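Each remark here refers to the structure printed beneath this line.
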Amino acid sequence: MSAVQSPVPVADGAYKKRRRRRKTGKNVHEAEAEVEVEVEVATNGIKRQNKKTKFCDDDEESEKEHRVSEEHTDVNEEAGDVFGNDLGKDVIKNASDGIKDSKGKKENVTGHIKSSSKRHQPKVVSLDSDDDDEGDFFNPKNVVSKSQLQARAQALLDIRQDLPIYQHKDEILRHVNENSVTVIIGETGSGKSTQIPQFLMDGVSNDKRQIAVTQPRRVAAATLAKRVSEEHGCQLGQEVGYQVRFSNITSAKTKLKYLTDGMLLREIMIDKNLSKYSTVIIDEAHERTVLTDLVMGFLKQLLATTRKKDLKVIVMSATLNAKLFSEFFNNAPVLFIEGRMFGVDNYYLTESTDDIVDTMIRAVVQINNGEPRGDILCFLPGQEEIDNAVATLTSISSQLPREAPLIVACPLYAALSPQQQLRIFDKLPENKRKVILATNIAETSITVSGVKYVVDSGLRKVKVWRHQLGLSTLLTTPISKASAKQRAGRAGREAAGGKCFRLYLESTFNESLPLQQESEILRNDVIYPVLTLKKLGVDDLLNWTWLEYPGKESILLALNVLYSLGALNDQGKVTSVGEKMAMLPLPPQLSVVLLTAIENGVLAPVLEIIGCLSVDNLILNVNGELRDEVNLKRRQFCPLGTQWGDLILMWEYYQVFKENKLRNWCKEMFFSYKGFKNVERVIHQLKQYVRNITDNNSGDKTDIGDDEDNETTQLSNNTKDIPMILKSFLKGFITNVAVGMPDRSYRTLNHGDLISVHPSSTLFGKPNVDAIMYIEYVYTSKGYARTCSSIELSWVQEVAPHILGASRTSLHQ
DNA sequence: GAGCACTGC
């Protein structure tokens, strides 16, 4: 069975052009003109084509003008003329495809926000530099004088006042004042994330409480806080600050705080009433991360009870989902704000193909030969496709027509080292054109400047949790319309004339792409959410205020897992172990490991291994000729890891790093220096949590030796007790054991399924061991166990006596 | 026998 579906049949580089037209506020239904579009194809064997296509006004990507009714007027889509003109109908359709579905249903739509000419674009700062040794993204070191700050703020004020949103300050404030929940829909570039919080801050200067603005990503929280502090004319961390994991740049003076939604959830666990906040703004709600969903569920609950009168909630989202949010918060009013994106023309294939990389390359070559200057951003599903495309483009670039710019292909995905990632920001000479081949990382997380052309495969990889099977699979699937739009928008950030080439049929876009991606809470297991709810005393999980109900099966599975981990008792109440697990900033399984390690007296090494597991892309992949050489060099540091597998291997690497902390050593070994620095921060943070936990248990004190010269006997005595370290892990990953079979395969202990050691494991390619324990199971082309350790089967019985007997039968089938 | 998308505490 192939995991890769190719839903977007693609042809060899022939595009149908579809002009997108900017609306002017006149009758938008006026024109259906025909234009001749010439598409010149220059690769070998591809014909030159002339295509006639429609010039139509079904405007998905271009700037929109949202006209809306007087406040609280019910808008019926069928009755567009409540607006007094044809626009009304279109506004609703554009404003939210969700609303489009609800024919005849009522919507509260308020506000009218117009456009103006200049654009607002906060400076993009690369935070991924390998030189960043500091824990904080931004931390003001050199204090600037008050007058300098104010001069800067005054300069920025001109830009701010030119934003469309600025003209509607009073209107926005009025709606927020009159409603406990307001939904604000705004496109990229509308300035909603920077301006609305400031409006509120100016409006409630006598309130001692804070305004919180949540973001799904840490970098976004930090970047926004920095920008807004400048606009506000203060030092970052004074009136305006931010708080994310590992950095809290706030002070007693802070009125406006940007934070990640995970951070706010943590604050909810400490103070259910969020009493220090007057207003909570949920930004980027359309991304529908698990954490954002949970926060919204809690806010709804809070508004229904204790904070009914004095808490203001604002949900901010891109154009989709207005209906979902509005209905969830008891038909809260919806405000629309116009964005500042330039129009992007979309092109589609006229014929389908099954080789996405090949088609991508043809498209790039075609653009390079025929289109004016401007970088090309390509979206591909994964690393493999990107590496292939980069290799091909690099090899053919010298054979391209001399008059065309020279193609410089740059890969971009998370597993690349920071240095490699930074290549996308290089300035190139006139005669070269940058072609960035990226995963989804370029859709939201990394913004590249200079992009004028986007080539979109229409695919992405998604991790899908199958609760029936209890495992996750990594699937290549079609993106959603919302995603397609977001990707296309990357060509319209800086100038007009951007183009997006979609490597699928227009009918595929219209008819088969889903409106938006399935939310994360439906795709993932809900072990962490369920534990969080239990910790907060929610007993009736099935009837909790879920923004989207994850399903009974999924919840029951989570309850089962939590029960077997000891987090819940027979009655489904959270145990003292469960309480601790909920507070630890770790996945529940790793929390169990950590707590077990305390009992087993192997806390120090286990903490270090958990630290390594918590950091992504620590040990980088090496491709090509270097691979064997690097593997050989790495091996000299890990005599134990070679024998015991990946967990111990990581630990040995970390020991070497800890000794000298050499940047060059990391570079040579293809380890991420920055990653190891992050491991240190995780360990440091976890030690603080462990100290809190053990302090609360009087008499059961564990010295965790936070600093080097304070290492106690408990730490140093047992560090080489590998079996005890691995047994601690086994406690949390007892379900992830596979037994070595005589035919060199492995079969899982609980179901007897076939499983393979992932090629990235040190155990890969070695003779079978007695049994393996793995941290993660992924199904791609087949079932793979990642991060494997060699264990003895007898340990399973030792750690969890009930497991082995029960599963014998399935093994011998 | 040969390969993982992206976040968050």
Side-chain angles (χ1 to χ4, degrees), chain A residues 3-4 214-221 243-248 259-270 284 287-295 379-388 412-416 438-446 457 459-464 472-477 479 483 517 520 523-524 528-529 531-532 581-588 590-591 614-617 620-623 627 681-682 685-686 688-689 743-746 754-761 763-768 776-787:
Chain A
V4 181
T214 72
Q215 294 292 323
R217 281 169 292 279
R218 302 208 293 245
V219 184
Q243 186 175 5
V244 298
R245 188 181 189 181
F246 304 129
S247 48
N248 183 357
L259 73 173
T260 46
D261 34 30
M263 206 68 223
L264 187 68
L265 201 59
R266 219 143 256 279
E267 294 194 357
I268 291 170
M269 287 209 250
I270 294 159
E284 311 285 3
E287 288 196 25
R288 301 290 316 280
T289 67
V290 170
L291 296 174
T292 316
D293 274 18
L294 286 179
V295 167
F379 287 97
L380 281 165
Q383 181 177 338
E384 193 187 345
E385 292 87 352
I386 290 171
D387 288 343
N388 287 341
L412 177 63
Y413 44 82
L416 287 175
T439 60
N440 239 0
I441 196 169
E443 201 178 298
T444 47
S445 303
I446 295 181
S457 66
L459 298 171
R460 74 155 170 178
K461 283 195 181 181
V462 196
K463 197 169 195 169
V464 183
S472 59
T473 62
L474 202 66
L475 289 174
T476 301
T477 57
I479 58 170
S483 236
Q517 211 66 42
E520 213 177 55
R523 293 200 319 263
N524 282 355
Y528 173 78
L531 180 60
T532 309
M581 284 166 61
M583 292 312 291
L584 285 166
L586 290 173
L590 280 180
S591 296
S614 303
V615 172
D616 286 334
N617 305 311
L620 302 165
N621 289 340
V622 192
N623 294 321
R627 190 174 62 187
R681 289 152 81 187
V682 174
Q685 189 189 34
L686 288 175
Q688 290 174 329
Y689 276 94
D743 64 353
R744 287 170 57 100
S745 71
Y746 285 96
L754 195 67
I755 191 170
S756 306
V757 173
H758 195 274
S760 64
S761 171
L763 296 182
F764 177 81
K766 295 200 177 142
N768 267 13
E776 203 184 356
Y777 176 93
V778 282
Y779 191 94
T780 50
S781 54
K782 58 179 177 175
Y784 284 106
R786 299 192 80 231
T787 318

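The model shown is predicted, which means the values in this text are computed figures rather than measured ones. Chain A is the first sequence line, chain B the second, and so forth, proteins listed ahead of strands; every chain is numbered from 1.
When the side-chain nitrogen and oxygen atoms of A:Thr289 are compared with OP1 and OP2 of B:dG8, none of them lie within a distance under 4.0 Å. Using a 4.0 Å cut-off, no side-chain N or O of A:Tyr528 falls inside it from OP1 or OP2 of B:dC9. The phosphate of B:dG3 has OP1 or OP2 within less than 4.0 Å of a side-chain N or O from A:Ser781.
In this structure, A:Asn524 places its CG atom 10 Å from C1' of B:dT7, rounding to the nearest Å. For the pair A:Leu416 CG and B:dA5 C1', the computed distance is 13 Å after rounding to whole Å. When rounded to the nearest whole Å, the span between CE of A:Met269 and C1' of B:dG8 equals 12 Å. Atom-to-atom, CZ of A:Phe246 to P of B:dC9 comes out at 8 Å; the value is rounded to the nearest Å. Atom-to-atom, CZ of A:Arg217 to C1' of B:dG8 comes out at 11 Å; the value is rounded to the nearest Å. Between the CZ atom of A:Arg288 and the C1' atom of B:dT7 there is a distance of 15 Å, rounded to whole Å. In this entry the distance linking CD1 of A:Ile270 with C1' of B:dC9 reads 11 Å, nearest Å. As rounded to whole Å, 8 Å separates atom C1' of B:dG8 from atom CG of A:Asp261.
Within 4.0 Å of A:Ser445, counting heavy atoms only, lie sugar-phosphate atoms of the nucleic acid but no base atom. A:Gln685 comes within 4.0 angstrom of nothing in the nucleic acid, heavy atoms only. A:Thr260 comes within contact range of the sugar-phosphate backbone alone, with a heavy-atom separation under 4.0 Å but no base atom that close.
When the nucleotides B:dA2, B:dC6, B:dT7 are ranked by their closest atom to the side chain of A:Thr439, B:dC6 comes out on top. Residue A:Met263 places its side chain closer to B:dC9 than to any other of B:dC9, B:dG3, B:dC6. With B:dG3, B:dG1, B:dC9 as the choices, the nucleotide that has an atom nearest any side-chain atom of A:Lys782 turns out to be B:dG1. With B:dC9, B:dA2, B:dC6 as the candidates, the nucleotide lying closest to the side chain of A:Tyr784 is B:dA2. Considering only the side chain of A:Gln383, B:dA5 comes nearest among B:dC6, B:dA5, B:dG8. Distance from the side chain of A:Val244 is smallest to B:dC9 among B:dG1, B:dA2, B:dC9. For A:Leu474, the listed nucleotide lying nearest its side chain is B:dA5; candidates were B:dA2, B:dA5, B:dG3.
We find that A:Lys461 and A:Glu384 are not joined by a salt bridge, their nearest charged nitrogen and carboxylate oxygen being 4.0 Å or further apart. Ion pairing of A:Glu520 with A:Lys463 is absent here, as no side-chain N (NZ or NE/NH1/NH2) approaches a carboxylate O to less than 4.0 Å.
Qualifying ring pair (Phe, Tyr, Trp, His ring centres under 6.0 Å) partners for A:Tyr784, counting only residues two or more places apart in sequence or in other chains: A:His758. Contacts of A:Asp261 classified as salt bridge (charged side-chain N to carboxylate O under 4.0 Å, His left out), with partners at least two apart in sequence or in another chain: none.
A residue-by-residue look at A:Gly765 and A:Asp616 shows that A:Gly765 has its nearest nucleotide of DNA chain B further toward the 5' end. The residue among A:Arg460 and A:Leu586 whose nearest nucleotide of DNA chain B lies closer to the 5′ end is A:Arg460.
No side-chain donor from either of A:Glu287 and A:Thr444 sits under 3.5 Å from a side-chain acceptor of the other.
Heavy-atom minimum distance, A:Leu412 versus A:Ile386: O-CD1, 4.1 Å.
In the interface, the side chain of A:Arg218 is not paired with the base of B:dG8 through any donor and acceptor atom under 3.5 Å apart.
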